K.L.:
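I have a structure here, written as structure tokens, and I will follow up with some questions on it.
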Amino acid sequence: MVNLNGSAAQDLLDQYAEASRAVEAALEAIPMPHGRDYLPHGNSIVYEQARAQAQTWVRTLATLRDQLAQVHAQVYQQRR
């Protein structure tokens with residue numbers, strides 16, 4: 001629960017919406033590795049590591065986006 005005796009609800013809504021847009025932009029900007037971008041080393045371990053790292057970044061940012069949306073919804077429901 002957010003204490004709305006501090007910042008105005010609309011200010012909070014605007015801030016959470018702006019943060020959500022920034023996270024969405026970061027999600028879109030994450031480069032996804034392609035096997036062609038890595039020199040062959042007898043196995044694809046380097047590519048697999050890069051792909052796993054990118055997937056971790058995507059999951060982390062998606063979680064943050066979802067959490068921001070939840071707080072935004074809470075503030076929206078509390079405002080009145």
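None of these values were measured; they are calculated from a predicted model.
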K.L.:
Kindly give the heavy-atom pair with the smallest separation between Pro31 and Ala54, and that separation in Å.
P.N.:
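In terms of heavy atoms, the two residues are closest at O-CB, 4.0 Å.
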
K.L.:
Kindly give the heavy-atom pair with the smallest separation between Val75 and Ala9, and that separation in Å.
P.N.:
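Shortest heavy-atom separation between Val75 and Ala9 comes out as CG1-O, 3.9 Å.
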
K.L.:
Within the 4.5 Å heavy-atom criterion, are Met32 and Ile30 side-chain neighbours or not?
P.N.:
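SC-SC contact between Met32 and Ile30 confirmed.
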
K.L.:
When you compare the side chain of Glu28 with that of Glu24, does any pair of heavy atoms fall below 4.5 Å?
P.N.:
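Of all side-chain heavy-atom pairs linking Glu28 with Glu24, at least one is under 4.5 Å.
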
K.L.:
Could you tell me the separation between the OH atom of Tyr47 and the CG atom of Asp37, rounded to the nearest 0.5 Å?
P.N.:
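The CG atom of Asp37 is 9.0 Å from OH of Tyr47, to the nearest 0.5 Å.
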
K.L.:
Atom OH in Tyr16, atom CD in Gln67: separation rounded to 0.5 Å?
P.N.:
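Taking OH in Tyr16 and CD in Gln67, the distance rounds to 11.0 Å.
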
K.L.:
Answer with yes or no whether the side chains of Asp14 and Gln10 bring together a donor and an acceptor at under 3.5 Å.
P.N.:
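There is such a pair between these side chains.
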
K.L.:
With sequence neighbours left out, what residues match Glu18 under salt bridge (charged side-chain N to carboxylate O under 4.0 Å, His left out)?
P.N.:
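Counting only residues at least two positions away or on another chain, Glu18 forms no salt bridge (charged side-chain N to carboxylate O under 4.0 Å, His left out).
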
K.L.:
Between CD of Gln53 and CD of Gln49, what distance do you get to the nearest 0.5 Å?
P.N.:
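Between Gln53 CD and Gln49 CD, I get 9.5 Å after rounding to 0.5 Å.
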
K.L.:
Once rounded to the nearest 0.5 Å, what's the spacing between atom CG of Leu13 and atom NE2 of His72?
P.N.:
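NE2 of His72 is found 4.5 Å from CG of Leu13.
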
K.L.:
Minimum heavy-atom separation for Leu61 to Val23, with atom names?
P.N.:
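Residues Leu61 and Val23, closest heavy atoms: O-CG1, 3.3 Å.
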
K.L.:
Using every non-hydrogen atom in the two residues, find where Ala62 and Leu27 come nearest and quote the distance to one decimal.
P.N.:
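Ala62 and Leu27 have their closest heavy atoms at N-CD2, 4.1 Å.
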
K.L.:
Could you tell me which residues satisfy side chain to side chain contact (heavy atoms under 4.5 Å, CB included) with Ala50, sequence neighbours excluded, listed by chain and number?
P.N.:
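Residues passing side chain to side chain contact (heavy atoms under 4.5 Å, CB included) with Ala50: Pro33, Tyr38.
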
